[in-house]
Number of protein chains: 2
Amino acid sequence: MTMSDVARHAGVSRTTVSFVLNDKPGAAIPEETRRRILEAIDELGYRPNAGARALAANRSGWFGLITEIVTGPFATEVITGAQSRAWGDRRFLLIAASEGDPAQEAAALDQMLEHRVEGLLYATTWHRAVTLPKAAREVPTVLVNCYDAEGELPCILPDEVSGGYKATRRLLDAGHTRIGFINLDPAIPAAIGRREGYERALREAGITPDPSLVVPGWATADSAYTAACELLDRPAGDRPTALFCGNDRMAMGAYDAIKERGLRIPHDVAVVGFDNQELIAAYLRPKLTTLALPFEAMGTKGIDMLAALAAGQPLDTRQVTIDCPLLERSSV
Amino acid sequence: MTMSDVARHAGVSRTTVSFVLNDKPGAAIPEETRRRILEAIDELGYRPNAGARALAANRSGWFGLITEIVTGPFATEVITGAQSRAWGDRRFLLIAASEGDPAQEAAALDQMLEHRVEGLLYATTWHRAVTLPKAAREVPTVLVNCYDAEGELPCILPDEVSGGYKATRRLLDAGHTRIGFINLDPAIPAAIGRREGYERALREAGITPDPSLVVPGWATADSAYTAACELLDRPAGDRPTALFCGNDRMAMGAYDAIKERGLRIPHDVAVVGFDNQELIAAYLRPKLTTLALPFEAMGTKGIDMLAALAAGQPLDTRQVTIDCPLLERSSV
DNA sequence: GCGCTTTAATAACGCGCGTTACTTCCGTGT
DNA sequence: ACACGGAAGTAACGCGCGTTATTAAAGCGC
């Protein structure tokens with residue numbers, strides 16, 4: 001089933017069929033002819049060949065998305081966002097996983113370039129600096145949830161500072177004044193930014209941040225359990241009445257420490273998480289109030305930026321930050 | 001950068017370059033010429049155009065994967081499995097989400113067919129019957145985690161019966177004889193199969209299944225909490241010493257009910273889950289022993305079957321079931 | 001009737017590549 | 001001297017389509 005078949009069946013030339021299919025502006029096609037062609041298409045069950053079309057038009061319609069792990073709650077949100085947005089532009093997304101292996105990453109990139117992607121999204125599971133293979137410069141590239149170590153490529157990042165601020169502010173608004181912060185590895189951008197927001201919110205409320213209330217965890221429930229025990233076992237009066245946790249898994253560990261002591265959430269101790277991992281946050285008892293990393297929004301924004309770049313438009317900002325929304329549940 | 005450029009640069013014809021690139025059998029290419037060509041490719045940074053190649057060879061190299069939700073822990077495992085397996089065959093996966101909307105599903109299918117996919121994988125998030133649009137018959141199609149309501153398309157399903165059997169067997173082996181079963185909606189295939197396995201294991205151990213020990217939950221932690229309370233509040237001696245839960249979220253609810261009563265896991269009550277949702281199973285305290293749905297394996301198997309179908313080979317079995325592995329952690 | 005513009009449609013080229021059929025060159029055997 | 005076979009390489013076609021000239025017909029004013 002090719003366009004020629006349709007043309008023959010409708011008694012016109014292939015060119016005319018092409019004009020109709022593409023709504024070619026400037027082409028004068030009487031209604032009667034157009035109808036005959038559409039009918040023929042329908043009767044024959046003709047489907048345009050996307051590959052041939054791309055070749056002739058020199059426009060693949062592809063965007064590429066490379067990420068470390070396709071599995072995992074974060075990457076999938078980016079994919080969802082990017083996918084749906086790309087779809088709206090009648091584009092397709094080529095998805096590949098590097099599995100954290102530079103060789104696979106290079107292979108994926110090669111494949112993308114061989115498929116003539118018009119733009120590339122590169123997403124990581126956690127906020128950090130990256131260095132891309134040189135080949136990535138051959139095509140417009142946007143980084144998602146990471147930034148170029150060489151500072152050249154445009155990137156989209158979550159607003160960690162505002163996230164930390166909002167979490168703390170929510171607890172302050174609920175009347176808490178001693179707020180423990182079980183942070184992530186203090187060396188990573190997420191931990192640095194959130195702590196900055198945390199301290200700013202405290203100062204705005206006239207509270208001097210107490211460094212001993214900030215303890216590092218290592219992203220696991222167990223480490224957070226230990227950290228929470230340390231905070232909760234302080235002498236009464238000095239004990240925090242609220243815990244802000246670096247992620248939801250850590251909040252899970254904090255829950256255990258709190259419950260173990262016969263304390264109640266949120267009555268005795270309020271908890272705020274981070275990441276909004278649905279499986280945890282929505283099923284913990286009580287449900288966890290947490291901040292969402294805007295992965296889906298970052299994905300859609302990424303496609304927007306790529307579309308602009310691919311169309312030759314310059315970017316207004318090289319670095320975009322996106323807000324982390326606060327999701328109210330029942331732990332505050 | 002096209003093959004012609006490479007040919008010119010190497011002082012040979014385009015045909016020769018093509019022969020070298022494709023290792024054409026029967027083509028006599030002296031080592032010296034081959035070297036010159038590869039050098040030229042390298043110097044010019046030439047990349048074959050996958051689209052043009054597909055057009056000429058009439059072989060797209062694409063497989064399609066349609067699923068309800070790209071986000072979500074299950075679909076991503078299928079994608080991972082299918083993706084990695086497809087990659088091994090030097091094929092690419094086209095992924096689309098239907099979002100449960102028939103219109104989007106049809107649109108996705110259209111796009112896939114326009115891109116001339118050589119095979120189609122259709123995956124659902126839960127085991128059930130489906131009916132595909134007629135267009136899906138235009139290309140080899142394999143169902144994953146679902147089966148054709150009309151019984152025509154080949155499918156890959158998890159072995160629910162063996163899963164239920166293994167869970168129960170594990171608890172029997174640990175010495176439990178009164179095993180409560182908080183099942184899923186009793187009308188769905190997963191619930192039916194697992195119950196069958198549960199009862200078979202009991203009978204094999206010489207125990208007559210007690211129907212009052214099987215209570216339905218509705219897939220949520222809350223409903224399982226209620227169900228667990230009902231089972232645990234039976235008079236001592238009649239109370240089950242182990243709970244087999246229809247999924248990990250339900251196990252989460254059961255944990256709460258158990259802990260609330262001052263009972264200890266696994267000392268007083270053992271728990272086995274189902275689904276192996278990493279975020280829950282690996283972070284509950286104690287870690288949850290559970291059965292994994294073999295999504296990744298189903299994905300790879302799906303690509304295998306598609307590859308066979310696309311190559312024109314007949315399938316040996318129209319319905320394949322894949323085992324659910326038991327993951328030992330600390331709740332038994 | 002003749003020029004001119006607009007409408008309707010087409011022939012023909014090229015996109016980058018796989019593939020077939022064909023040519024040229026060289027060494028060998030008789 | 002000639003036919004012959006293999007090695008090395010190429011011209012040319014076609015894949016399905018977008019696009020640009022170009023043509024043919026129709027409408028219009030005089």
Side-chain angles (χ1 to χ4, degrees), chain A residues 1-38 40-41 44-62 90 92 110-111 113-118 138, chain B residues 1-38 40-41 44-62 90 110-118 138:
Chain A
M1 271 310 119
T2 75
M3 254 175 59
S4 303
D5 296 322
V6 174
R8 203 171 312 121
H9 195 263
V12 297
S13 79
R14 203 179 51 70
T15 308
T16 308
V17 177
S18 173
F19 284 173
V20 168
L21 275 173
N22 298 343
D23 276 327
K24 189 101 217 279
I29 315 262
E31 206 43 53
E32 152 69 9
T33 309
R34 158 178 268 103
R35 196 188 48 68
R36 272 215 325 277
I37 293 178
L38 293 179
I41 289 179
L44 297 180
Y46 164 76
R47 267 180 230 287
N49 181 320
R53 176 185 292 216
L55 180 59
N58 191 25
R59 224 180 131 275
S60 71
W62 291 106
R90 317 224 62 225
F92 237 107
D110 270 350
Q111 285 290 327
L113 293 174
E114 291 191 7
H115 282 278
R116 299 296 188 265
V117 294
E118 296 170 32
E138 293 179 23
Chain B
M1 272 310 120
T2 75
M3 255 176 58
S4 303
D5 296 322
V6 174
R8 203 170 311 121
H9 196 263
V12 297
S13 79
R14 203 179 51 69
T15 307
T16 308
V17 177
S18 173
F19 285 172
V20 167
L21 275 173
N22 298 341
D23 276 327
K24 189 100 216 275
I29 316 262
E31 206 44 52
E32 152 69 9
T33 307
R34 159 177 266 103
R35 196 189 47 69
R36 273 214 325 278
I37 293 179
L38 294 177
I41 289 178
L44 298 179
Y46 164 77
R47 266 180 231 287
N49 181 322
R53 177 184 291 216
L55 180 58
N58 191 25
R59 223 179 132 276
S60 71
W62 292 106
R90 317 223 63 227
D110 271 350
Q111 285 291 328
M112 304 248 159
L113 293 174
E114 291 192 6
H115 282 279
R116 299 295 187 266
V117 294
E118 296 170 31
E138 294 180 22

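Values reported hereafter were calculated over all heavy atoms of this structure, with side chains retained and with hydrogens, waters and symmetry mates removed. Proteins get letters first, then strands, A, B, ... in listed order; numbering begins at 1 in each.
- When the side-chain contact (heavy atoms from CB on, under 4.5 Å) test is applied to B:A50, the partners found at least two apart in sequence or on another chain are A:E114, A:H115.
- With sequence neighbours excluded, no residue forms a ring-ring contact (aromatic ring centres under 6.0 Å, His included) with A:H9.
- Within a heavy-atom distance below 4.0 Å of DNA chain C, the residues of residues 44-58 of chain A found are A:L55, A:A56.
- Side chain to side chain, A:T16 and A:S13 meet the donor-acceptor criterion of an N or O pair below 3.5 Å.
- Residue pairs meeting the side chain to side chain donor-acceptor pair (under 3.5 Å) criterion with at least one member in residues 44-53 of chain A, sequence neighbours excluded: A:R47-B:D110, A:R47-B:E138.
- Only at 4.0 angstrom or more do the heavy atoms of residues 28-35 of chain B sit from any atom of DNA chain C, so none qualifies.
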All N/O pairs under 3.5 Å across the protein-nucleotides 23-25 of chain D interface:
none

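- Mapping heavy-atom proximity under 4.0 Å, the span of DNA chain C touched by chain A runs 5' to 3' from C:dT7 to C:dG16.
- Axis angle across the helix from C:dG1-D:dC30 to C:dT30-D:dA1, with five pairs used at each end and values rounded to 10°: 60°.
- Proximity of residues 10-23 of chain B to DNA chain D (heavy atom under 4.0 angstrom from any strand atom) is restricted to B:V12, B:S13, B:R14, B:T15, B:T16, B:F19.
- For the side-chain contact (heavy atoms from CB on, under 4.5 Å) test, residues two or more places apart in sequence or in another chain that qualify with A:D5 are A:M1, A:T2, A:R8, A:L44.
- Within the structure, every pair that satisfies the salt bridge (Lys or Arg N to Asp or Glu O under 4.0 Å) test and touches residues 17-26 of chain A, not counting sequence neighbours, is listed here: A:D23-A:R34.
- You'll find the side chain of B:I41 reaches within 4.5 Å of the side chain of B:L21, heavy atoms only.
- In this structure, A:A56 has no side-chain contact (heavy atoms from CB on, under 4.5 Å) partners at least two apart in sequence or on a different chain.
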